[in-house]
Protein chains: 2
Amino acid sequence: MGIEWETRGYDMPARLKDIAQDLNLSVVTISKVLRDHPDISQQTRERVLKRMKELNYRPNLAARALVTGRSYIAGLVVPDLVHPFFGQVAKGLSNGLRKKGYSLVLSSSEDDPELERQEIEQLLARRVDVLIVASTQSSVETFHRLQEQKIPYVLIDRKFDGLAANFVGVDDAAVGELATAHLIDAGCRRIAHIGGPNVSTALGRVAGFRRALHARGIAVPPEYIEMREHGDDAGDASGYTAMQRLLTLNPPPDGVFCYNDPTAMGAMKAVLEAGLRVPEDVAIAGCGNVAYADFLRVPLTSVDQQSGAIGERTARMALALLEGGAPSRPKTVLLEPKLVVRASTLRPRLKPRK
Amino acid sequence: MGIEWETRGYDMPARLKDIAQDLNLSVVTISKVLRDHPDISQQTRERVLKRMKELNYRPNLAARALVTGRSYIAGLVVPDLVHPFFGQVAKGLSNGLRKKGYSLVLSSSEDDPELERQEIEQLLARRVDVLIVASTQSSVETFHRLQEQKIPYVLIDRKFDGLAANFVGVDDAAVGELATAHLIDAGCRRIAHIGGPNVSTALGRVAGFRRALHARGIAVPPEYIEMREHGDDAGDASGYTAMQRLLTLNPPPDGVFCYNDPTAMGAMKAVLEAGLRVPEDVAIAGCGNVAYADFLRVPLTSVDQQSGAIGERTARMALALLEGGAPSRPKTVLLEPKLVVRASTLRPRLKPRK
DNA sequence: GCAGTCAACGGTACAGTTTCCGTTTTTCCT
DNA sequence: AGGAAAAACGGAAACTGTACCGTTGACTGC
């Protein structure tokens with residue numbers, strides 16, 4: 001029994017000190033056992049480990065963080081937890097980091113740049129070892145500050161022109177090009193785009209969209225491009241109204257590439273409600289390849305964003321920043337998007353004959 | 001400039017000590033300013049706050065946690081981050097806790113009880129102030145240990161018989177009853193159930209299912225109940241095969257209540273692929289009311305689990321445990337599920353005539 | 001002029017762990 | 001046996017912030 005057991009409640013967590021007193025050793029020795037320091041004899045090591053089990057000892061990570069300067073915490077800031085894309089990223093990330101003993105602190109910025117800044121501040125106060133941000137900022141200032149303070153950080157999904165930062169994401173121009181080229185192959189000639197907010201992903205995709213059309217010599221009437229300022233959560237509603245507007249045009253589009261899958265779902269609803277058919281009258285392609293794309297009213301052709309891979313690669317990159325000695329120059333990992341073709345773009349001319 | 005500025009890198013975070021030295025005050029005074037202690041004169045307060053801004057001071061929360069014994073961290077353990085239900089819960093929770101300055105550390109147990117225990121240990125090592133768990137444990141031992149150590153915790157979604165614990169979730173028996181009664185009202189008479197793994201939610205729902213049928217005097221052949229040992233992620237695949245098996249029965253069911261929406265989506269796919277119609281031949285009801293339920297092949301009738309409300313109420317309960325003085329006895333918050341009727345159960349007899 | 005009060009500030013002792021450098025003990029060699 | 005080297009262990013400071021209590025000086029009232 002430890003000397004202090006009378007005054008310390010039986011329910012308080014054991015400390016190095018308690019074990020030391022119980023075994024007539026110093027805290028230093030116990031600490032060394034904990035960290036597998038070679039100084040310790042086999043016999044002592046076993047005695048200590050035994051007592052640790054008995055007392056259910058767990059090192060106080062806050063105390064350890066204070067002295068080592070490393071918290072073993074990674075901070076993740078995303079615009080919206082409910083969006084399946086970020087859910088997947090968080091999952092992959094969490095799995096990758098767990099193996100090395102890192103925990104993940106999660107913050108949702110609700111697509112609000114000011115809130116995002118606050119959350120980042122909060123994470124910095126916690127002295128997270130690395131920050132992972134899918135940013136909704138329009139300015140790059142926050143990240144310059146991070147650089148000044150030498151806080152390692154990784155941008156995911158959305159990046160900034162002119163900011164040399166670590167980045168993991170898909171090649172968004174390729175996303176737009178892939179989907180649009182596919183629509184053209186499917187026989188569409190009046191192809192519209194429903195875009196997202198003013199972030200790199202949306203801009204990259206619309207650029208790819210333009211490039212694909214231009215390459216095939218197809219004109220893009222400006223009214224065929226609808227850029228929407230919705231957050232990631234209201235995509236379906238915004239896709240719905242955008243599509244309604246596109247259908248009033250003369251002639252209406254016969255193919256639509258949507259910024260993301262929720263938007264595409266909204267667009268699909270608008271098309272069907274107008275009495276038109278998907279894909280015969282209007283083919284629709286989305287982006288994100290959400291898990292349930294196959295179960296939709298018309299199974300949705302979508303560009304896979306590799307969300308799981310993004311999480312996993314981000315974990316790798318973050319760990320490299322932390323464990324790797326030399327502060328390497330910023331790296332970019334651009335994953336190749338993959339087109340997953342489903343019924344929403346399978347127009348007669350392409351449909352496999354039975 | 002602080003005296004130590006030569007030896008401390010310009011990029012290291014400022015400490016109370018730095019500010020104190022700069023202003024010829026003691027750390028104690030600075031600390032008091034930080035915490036709005038009444039001792040401080042207006043003039044000093046302003047001087048200090050000014051210097052804090054200049055140095056971009058952020059209190060070291062690890063150090064504070066060490067001395068106060070409170071980390072201002074809540075730990076959340078869920079079986080699967082990708083499941084939209086837990087995404088919503090996490091979002092609601094995060095929002096509720098943020099207001100009081102708490103951060104959320106997220107762990108995914110991947111539906112593995114052993115991993116869940118490890119994650120809980122890890123969170124305890126971090127000295128989280130409160131633990132929120134959607135548990136996949138089959139035994140109750142882990143939570144007894146938490147009680148011994150007087151760690152406040154809240155169970156969500158899944159609870160345990162015979163464990164007096166704080167709980168927030170829906171009334172699962174009511175969920176089953178609601179959906180099943182609705183199927184009966186829709187004219188179904190051969191009603192089957194595709195259930196989930198061996199946790200309280202699945203058991204409660206199947207119990208409600210039985211109760212509803214019993215109340216109306218409808219028999220339940222044992223082969224009409226398929227309990228599946230899938231995790232929350234593989235629901236669609238498992239629903240698919242389960243439904244395929246149900247369709248081989250003679251007579252096949254004309255209504256199915258599924259444990260959750262992914263399962264229902266899988267079941268729907270199986271029905272449609274078999275050349276049958278939903279809801280005319282087989283009506284389908286799910287649970288969870290996922291955001292895209294409205295966009296499915298056949299829009300899915302589903303019981304809403306109030307995921308947002310669960311997150312929000314959990315935040316409230318957790319904060320009450322932390323801020324509230326007296327350690328109150330465990331409370332249970334049972335939210336009322338709501339049925340959301342869509343086309344998948346709108347059988348002719350119930351369809352509104354035009 | 002002096003006790004009493006109050007506002008404003010500081011000294012010191014922690015919290016639980018690691019790190020740096022000593023000290024003691026054991027082992028080995030000649 | 002004597003000495004050196006290796007093995008095993010410990011003291012004290014450090015990390016940053018907070019809590020408790022003490023100190024200082026100015027002002028009040030009589």
**Q.** Proximal nucleotide (of C:dC9, C:dT19, C:dT17) relative to the B:Ile40 side chain
**A.** C:dC9

Q) Where do B:Leu81 and B:Ser108 come nearest, in terms of heavy atoms and distance? A) N-OG, 4.2 Å

Q: Let me know the distance between CE of B:Met52 and P of D:dG17, rounded to the nearest Å.
A: 9 Å

Q) Which nucleotide in the set D:dG11, C:dA8, D:dT18 lies at the smallest distance from any side-chain heavy atom of A:Val28? A) D:dG11

Q) Does B:Arg127 or B:Asn24 map to a spot on DNA chain C nearer the 5' end, using the closest nucleotide for each? A) B:Asn24

Q. Do A:Lys32 and D:dG10 share a donor-acceptor pair, side chain to base, under 3.5 Å?
A. yes

Q) Going by an N to O cut-off under 4.0 Å, is there a salt bridge joining A:Glu54 and A:Lys50? A) yes

Q.
For B:Glu141, is there an ion pair with B:Arg117 - N to carboxylate O distance below 4.0 angstrom?
A. no

(Q) Side chain of A:Ser41 only, heavy atoms from C-beta on: which candidate in D:dG10, C:dT18, D:dA8 is closest? (A) D:dA8

Q. Is the shortest side-chain N to carboxylate O distance from A:Arg51 to A:Asp18 below 4.0 Å?
A. no

Q: Could you check whether A:Leu25 gets within reach of a base, just the sugar-phosphate, or nothing at all, counting any heavy atom under 4.0 Å?
A: sugar-phosphate

**Q.** Residues B:Asp36 and B:Arg45 bridged, charged N to O under 4.0 Å
**A.** yes

Q | Whole-Å gap separating C1' (D:dA14) and CZ (A:Arg64) | A | 17 Å

(Q) Measure CD/A:Gln21 against P/C:dG16 and give the value in whole Å, please. (A) 12 Å

(Q) Measure CE/B:Met12 against P/D:dC15 and give the value in whole Å, please. (A) 10 Å

Q: Give the nucleotide from the list D:dC9, C:dA15, D:dT16 with an atom nearest to the side chain of A:Thr29.
A: D:dC9

Q. Looking for any heavy atom pair under 4.0 Å, which part of the strands does B:Asp39 touch: base, sugar-phosphate only, or nothing?
A. base

Q: Nearest whole angstrom, please: distance from the C1' of C:dA15 to the CG of A:Leu66.
A: 9 Å

Q: Take atom CD of B:Gln43 and atom C1' of C:dC9, then tell me their distance rounded to the nearest Å.
A: 13 Å

Q: Give the rounded distance in Å between these two atoms: CG of B:Leu34 and C1' of D:dT16.
A: 12 Å

Q. When the distance from NZ of B:Lys17 to P of D:dT18 is rounded to whole Å, what number comes out?
A. 16 Å

(Q) Heavy atoms from C-beta onward define the side chain here; which of D:dT18, C:dT19, D:dC9 lies closest to that of A:Thr68? (A) C:dT19

**Q.** A:Tyr57 side chain, from C-beta outward: closest of D:dT18, C:dT17, C:dA15
**A.** C:dT17

Q.
By the 4.0 Å heavy-atom rule, please label A:Arg35 as base, sugar-phosphate, or nothing.
A. base

Q | Residue A:Thr44, side-chain heavy atoms: nucleotide from C:dG16, D:dC9, D:dG17 that is nearest | A | D:dC9

